[in-house]
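Before any comments, here is the structure.
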Amino acid sequence: MNFPPDLIRFLTKTERIVVLTGAGVSQESGLSTFRDSQDGLWARYKPEDLASPEAFTRDPKLVWDWYAWRREAIKGVRPNAGHYALVEMEKKITEFTLITQNVDGLHCLAGSKNVLELHGNVLRVRCADCGTLTGTWGDDTESVPRCEKCDGLLRPDVVWFGESLPRAELESAVSAAREAQIFFSIGTSGVVQPAAALAHAARNNGSVIVEINAEPTPLTPKVDFAFHGKSGEILPELVKALT
Ligand code: APR
């Protein structure tokens with residue numbers, strides 16, 4: 001791919017880069033994106049109908065089973081070339097912040113260091129009542145496992161629709177976006193707030209905005225550079241062009 005020389009020049013001298021990623025970055029690892037239709041057993045459910053406090057109250061076992069299935073799917077996949085290209089980009093940049101909406105932990109597994117997981121991590125489990133994180137739980141398949149401390153129901157340590165984002169991560173993400181010289185939006189449909197607002201915060205503070213996504217998004221008309229294709233192909237080429 002031929003990248004505009006202006007972008008390459010700017011990238012090689014920039015000191016502060018912020019990258020926001022979404023489910024598209026993990027698509028080439030074999031994980032379906034959030035707004036794709038789901039596979040097999042879960043095809044008749046919309047994620048929005050499972051990833052909410054109301055869904056958990058209504059049918060905790062259904063929600064627990066969906067996340068158990070997602071955890072298993074994630075355990076079987078590896079980071080892809082896009083994740084690894086972001087690890088390489090981080091090594092070249094003085095201040096590099098990777099903000100992700102993904103709960104699959106693949107950026108950290110690839111080796112990215114300064115990662116803000118805005119929506120939590122599906123591999124972590126905590127008590128729905130007292131919040132205690134737990135690494136182990138019984139595998140009774142009939143009911144949702146309970147907290148050893150308070151007997152509350154266990155749930156994934158992720159942010160559900162209608163819930164607040166972790167405050168420290170959100171504050172760090174907003175201040176990094178405001179300071180960014182270049183802001184990348186990669187593999188995200190940009191429709192879920194407040195993550196989607198980060199690109200606008202960066203732009204309002206003078207950052208160059210670059211989008212890498214399989215298809216145009218609501219952000220596309222506002223960006224300085226848009227590359228439409230697979231992040232696992234475009235990102236390695238971009239990082240190569242920097243050397
Ligand atoms: N490379 C780049 N982009 C891709 C690829 C790929 N290989 N495959 C798909 N995409 C794009 C899609 O075209 C889509 O625009 O990635 C985007 C994924 O969008 P969503 O499925 O909406 O995922 P995301 O933006 O991460 O969703 C945000 O919504 O429901 C919540 O909490 C959930 O974190 C999630 C948030």
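FYI, the numbering just counts along the sequence from 1. Start at 1 and go down the list; that is how both ligands and their atoms are numbered.
Within the listing of ligand 1, atoms 26 (O) sit less than 4.0 angstrom from a heavy atom of Gly22. Residue contact check: Gly187 has heavy atoms under 4.0 Å from atoms 3 (N), 16 (O), 17 (C), 18 (C) of ligand 1. Close approach of ligand 1 to Gly229 (heavy-atom distance below 4.0 Å) involves ligand atoms 1 (N), 2 (C). Numbered from 1 in the order shown, with element, the atoms of ligand 1 that lie under 4.0 Å from a heavy atom of Gln101 read 28 (C), 34 (O), 36 (C).
Expressed to the nearest 0.5 Å, how far CG of Leu219 lies from CZ of Phe183 amounts to 8.0 Å. To the nearest 0.5 Å, atom CG of residue Asp157 and atom CG of residue Asn121 are 7.5 Å apart.
Heavy atoms of Gly82 stay at 4.0 angstrom or farther from ligand 1.
A 4.5 Å side-chain heavy-atom check between Pro194 and Leu165 finds at least one atom pair inside the cut-off. Side chains of Leu238 and Leu11 form a contact here, defined as non-hydrogen atoms less than 4.5 Å apart.
Of the N or O atoms in Ala23, one or more lie within a sub-3.5 Å distance of an N or O in ligand 1. Polar contact with ligand 1: absent for Lys230 (N/O pair, distance under 3.5 Å). Checked by distance only, ligand 1 and Phe161 stay at 3.5 Å or farther apart across all their nitrogen or oxygen atoms. Residue Glu28 has at least one nitrogen or oxygen atom sitting less than 3.5 Å from a nitrogen or oxygen atom of ligand 1, judged on distance alone.
The heavy atom nearest to atom 13 (O) of ligand 1, considering only His228, Glu215, Gln193, is found in Glu215. With distances taken over non-hydrogen atoms, the option nearest atom 5 (C) of ligand 1 out of Gly24, Gly190, Ser185 is Gly24.
Of all the heavy atoms in Gly232 and Asn80, the pair that sits closest is CA-OD1, 4.1 Å.
Pairs engaging residues 94-140 under the ring-ring contact (aromatic ring centres under 6.0 Å, His included) rule: Trp64-Trp137, His83-His107 [sequence neighbours left out].
The aromatic rings of Phe227 and Phe3 lie perpendicular to each other, with more than 60° between the two planes, well past the 30° mark.
Under 3.5 Å, the side chains of Thr188 and Gln101 contain a donor-acceptor pair of N or O atoms.
Residue contacts with ligand 1 for Thr188 involve both N, CA, C or O and side-chain atoms from C-beta outward (heavy atoms, distance under 4.0 Å).
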